[in-house]
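In what follows, every heavy atom counts, from backbone to side chain, and hydrogens, waters and symmetry copies are set aside. Since we're looking at a predicted model, the values are computed, not measured.
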Amino acid sequence: MIKKLVLIIKTYHDFIRTGNDDCISHNASRLNNLFESVSESYIPLLNMFERLEKDGVEFKLGLVLPPVLCSMLENPVIQELYVDFLDKRIALGKKELNRNKEDKKATAIVERTIEKYKSLKNDFTQKYKSNIIASFAEYQQKGIIEILATCATEMFFPHYCDLPEAISAQIEIGLQSYKKCFGEIPDGFYLPEFGYSPGVEKIIRAYGYSYTILNARSVLLTDNIPANGIFHPVRTENSLMLFTADPVVKELVENEEGYLSASVYRNENRDIGFELEPKRLAPVLEEKSARCPTGYKYWKKDFAESDSVSYDEKAALQQAQEDAQAFIDNRNECLSKAADCSKDVSFVNSVCVFDENVIRRQWSEYLSWLENVIRKAGEAGLELAFCKKMVTKPFALDKIVPYYSAGAGNGYGENLLSSKNCWMMRYVRKATERMIDLAERFPSDTGLKTRLLNIGSVELLLAQSSSLAKMIDANDDSAFADERFRFSINAFTSVFDALGSNTVSTEWLTTLENQDCLFPWINYKVFSKKK
């Protein structure tokens, strides 16, 4: 029996205003988070694809590149700011060389870091022409990666299950964005937070998607548990194929005893950006600006306070190889046992979903680990596969009615509606109801009213993002999340009031459009009730 391994990297980033330099620079911490992902994940991923292709390694990898991320990375202003981000870190590195000139270990780390930033700048500007989204699209055309579509923003479907127009709008805008970025019609839909409630499969299937991925609880807690459990796809009544995210993978990687906690890996929580005096951090740290990571990190995870430098990159990369082999052995053993128990199927599969934003912040070597996993999979008899090409007879799959579940919180999304953030729901729900009503009341308007309705739709989509509620619950830059949510809700309310009073300030409208120019092609009619 064939044992198939599906690797999917999920990326998500909070929206940064993209109208002009002032808007984009409004919250530097979110911008730094984006640029760190570009430096630590996206460009290294593309370089990894190039190495594997050059070495003749056949592999398949799934990616989730959401519309908001694609919009930001295609923005010329953000592209220029990223180059400036790299230049400032290179300049800081030269100062670090002088500060650590008596410490050979520190000097070696600084030199490697400077070289990394120089290489990133060259790759970004020369190799990838400042547009890495287009480069990902090229690898999809080669059949090396599969980019899954998703919602316009990270909406948690169960909170809107009684408002199907809102879910449809999120899916439709996500699909339109995907077509504009990648020029293809996707097969797979990535369910934000794995948030499933009965009925959403009908909306997903109506937009032509052939499969989605669910949390294990949705499959294992259903009344008619499939004979092959989570190791073989199933289908819904309307033949939407369902794959199950393997719950063991998160435990292997992210838990306290997981791979990322190995003592030799670099300590991502200790950076000179938080250690040195502010004046020593120029030009990265500007006057009166908040501290931020710089990329210059000298310590491993279990450092001693007396250690000036403790990180050994060679030892860390060796550990990544060993952890990759341990992961392959674990999945191979698990799939072998699943194969022994399976009935009437030609293959068993393990769908491994990795949250880039979570893992990257704790494990800088994770892409080295992933590359080793890819290289070792074939040697262990595991076939790397795409979900979309795994099933040849979808109507022969077991049919189930999935159980409500989610990937957030403890499996039911409770952190998305907690005592800290529950106040948000009444505002965004009311705004959603109003938007659906407005789409019905103004079915064919033009001019200023259309512009109002379109920007109102954009602000609503942003307010519906569950990432804001998650940030507030976790106290992770909660001030930004609070401000971002209130801005969008207030902007939508102003749009609603302007339509009600039939008066609008064109200057205010133009300013708002310039501040949040996401999805400039949006049509508010996506919120209309489906006939």
Worksheet item: Is any side-chain heavy atom of S478 less than 4.5 Å from a side-chain heavy atom of M471?
Response: no
Worksheet entry | Which atom of S210 lies closest to which atom of R205, heavy atoms considered | CA-NH1, 3.7 Å
Practice prompt. Take V353 and L7 through the side chain to side chain contact (heavy atoms under 4.5 Å, CB included) test and state the conclusion after the steps.
Written response: CA-CA 6 Å; V353 180; L7 305 176; over 6 Å; no
Worksheet item: Would a line drawn from the ring center of W363 to the ring center of F354 be shorter than 6.0 Å?
Response: no
Practice prompt. Classify the side-chain pair S130/Y82 by whether it contains a donor and acceptor separated by less than 3.5 Å.
Written response: no
Worksheet item: For E58, does the CD atom sit with more than 12 other heavy atoms under 6.0 Å from it, leaving out its own atoms?
Response: no
Worksheet item: Got a sec: does the OH of Y403 have more than 12 other heavy atoms crowding it under 6.0 Å?
Response: no
Fill in: Closest heavy-atom pair and its distance - R235, S239
NH1-OG, 2.9 Å
Item to complete: Return yes if some donor-acceptor pair links the side-chain N/O of Q325 with the main-chain N/O of Q321 below 3.5 Å, else return no.
Response: no
Fill in: Donor-acceptor side-chain pairing of N75 and Q79 below 3.5 angstrom
no
Worksheet item: Is the shortest side-chain N to carboxylate O distance from R375 to D55 below 4.0 Å?
Response: yes
Item to complete: Supply the atom-to-atom distance F243 CZ to I8 CD1, rounded to the nearest 0.5 angstrom.
Response: 9.0 Å
Worksheet item: Counting only N and O atoms by type, is there a donor-acceptor contact under 3.5 Å from the side chain of K3 to the main-chain atoms of G381?
Response: no
Distance-only donor-acceptor pairs under 3.5 Å for side chains of residues 430-439, two or more places apart:
residue: T432; atom: OG1; partner: V428; partner atom: O; Å: 2.7
residue: T432; atom: OG1; partner: Q464; partner atom: NE2; Å: 3.1
residue: D437; atom: OD2; partner: R441; partner atom: NH1; Å: 3.4

Worksheet item: Should we count CD of E237 as having more than 12 external heavy atoms under 6.0 Å?
Response: no
Fill in: Spatial distance of atom OG1 (T236) from atom CG (L240) [nearest 0.5 Å]
4.5 Å
Item to complete: Answer yes or no: is there an ion pair linking E365 with R266, defined by an N-O contact shorter than 4.0 Å?
Response: no
Discussion item. In this structure, is the centre-to-centre distance between the rings of Y265 and W369 below 6.0 Å?
Written reply: no
Worksheet entry | Salt bridge D329-K376, side-chain N to carboxylate O under 4.0 Å | no
Worksheet item: Quick one: does S457's side chain have a donor or acceptor within less than 3.5 Å of a partner on L453's backbone?
Response: yes
Worksheet item: Taking 4.0 angstrom as the limit, do E333 and R331 come out as a salt bridge?
Response: no
Discussion item. Return the CD to SG distance between E193 and C151, rounded to the nearest 0.5 Å.
Written reply: 11.0 Å
Worksheet item: Are any of the side-chain heavy atoms of L46 and F124 separated by less than 4.5 Å?
Response: no
Discussion item. Has Q319 got a side-chain atom pairing as donor or acceptor with V264's backbone, closer than 3.5 angstrom?
Written reply: no
Item to complete: In plain terms, say whether K301 and E268 are close enough for a salt bridge, that is, a side-chain N and a carboxylate O under 4.0 Å apart.
Response: no
Discussion item. With a 4.0 Å cut-off on N to O distance, would you call E138 and K142 a salt bridge?
Written reply: no
Worksheet item: Quick one: side chain to side chain donor-acceptor pair (under 3.5 Å) pairs with a partner in residues 379-390, sequence neighbours left out?
Response: none
Worksheet entry | Residue pair Y196 / E201, side-chain heavy-atom distance below 4.5 Å | yes
Discussion item. Contact between V200 and P158 at the side-chain level, heavy atoms closer than 4.5 Å - yes or no?
Written reply: no
Item to complete: Could you pull out the closest heavy-atom pair between S405 and N215, with the gap in Å?
Response: OG-OD1, 3.3 Å
Discussion item. Donor-acceptor pair, distance only, cut-off 3.5 Å: does the side chain of N131 make one with the backbone of A134?
Written reply: yes
Worksheet item: Quick check: are there more than 12 heavy atoms from other residues, nucleotides or ligands sitting under 6.0 Å from CG of N410?
Response: no
Discussion item. What I'd like to find out is whether the side chain of Q176 reaches to under 4.5 Å of the side chain of I522, using heavy atoms alone.
Written reply: no
Worksheet entry | Short N-O contact, E40 and K116, less than 4.0 angstrom | yes
Worksheet entry | Heavy atoms from other residues, nucleotides or ligands near CG of L221 exceed 12 (cutoff 6.0 Å) | yes
Item to complete: Check whether NZ of the Lys or CZ of the Arg R217 lies under 6.0 Å from the centre of the six-membered ring of Y404 and within 45 degrees of that ring's axis.
Response: no
Worksheet item: What is the distance from atom CD of Q170 to atom CG of L175, rounded to the nearest 0.5 Å?
Response: 13.0 Å
Discussion item. Just verifying a value: how many Å separate E251 CD and Y259 OH, rounded to the nearest 0.5 Å?
Written reply: 11.5 Å
Discussion item. Using only atom types and a distance under 3.5 Å, with no angle test, would you say the side chain of S261 pairs donor to acceptor with the backbone of G258?
Written reply: yes
Discussion item. Minimum heavy-atom separation for I133 and C181, please, with both atom names.
Written reply: CG2-CB, 4.4 Å
Discussion item. Could you check whether E356 pairs with R361 (Lys NZ or Arg NE/NH1/NH2 to Asp/Glu carboxylate O, under 4.0 Å)?
Written reply: no
Worksheet entry | Rounded distance (nearest 0.5 Å) linking atom OH of Y42 with atom CZ of R360 | 7.0 Å
Discussion item. Has D398 got a side-chain atom pairing as donor or acceptor with V234's backbone, closer than 3.5 angstrom?
Written reply: no
Worksheet item: So do the side chains of I203 and Y209 get within less than 4.5 Å of each other, counting heavy atoms only?
Response: no
Practice prompt. Mark yes or no for whether R429, through its side chain, and H159, through its backbone, hold a donor-acceptor pair below 3.5 Å.
Written response: yes
Worksheet item: Just by distance, do the side chain of T222 and the backbone of V401 share a donor-acceptor pair under 3.5 Å?
Response: yes
Worksheet entry | M1 side chain near S342 side chain, heavy-atom distance below 4.5 Å | yes
Discussion item. Looking at K420, I want to see if its NZ is surrounded by more than 12 non-hydrogen atoms of other residues, nucleotides or ligands under 6.0 Å.
Written reply: yes
Discussion item. Here's one to test your reading of the geometry: is the NZ or CZ of K4 within 45 degrees of the ring axis of F347 and under 6.0 Å from its centre?
Written reply: yes
Worksheet item: Does some side-chain heavy atom of L65 sit less than 4.5 Å from a side-chain heavy atom of T11?
Response: yes
Worksheet item: If only atom types and distance count, is the side chain of S466 paired as donor or acceptor with the main-chain N or O of M155 below 3.5 Å?
Response: no
Worksheet entry | Minimum heavy-atom distance between F327 and C352, given as atom pair plus value | CZ-SG, 3.9 Å
Fill in: Centroid separation F194 to Y190 less than 6.0 Å
yes
Worksheet item: Is it true that Y178 and F182 have ring centroids separated by less than 6.0 Å?
Response: yes
Worksheet entry | Within 6.0 angstrom of D344 CG, more than 12 heavy atoms from elsewhere | no
Worksheet item: Is there a side chain to side chain contact (heavy atoms under 4.5 Å, CB included) between V526 and E165 once you walk through the steps?
Response: CA-CA 8 Å; V526 294; E165 296 84 5; over 6 Å; no
Fill in: Of T212, T150, L148, L242, the residue whose pairing with L191 passes side-chain contact (heavy atoms from CB on, under 4.5 Å)
T212
Response to the item:
Note: L518 and S71 closest approach over all heavy atoms is CD1-OG, 3.2 Å
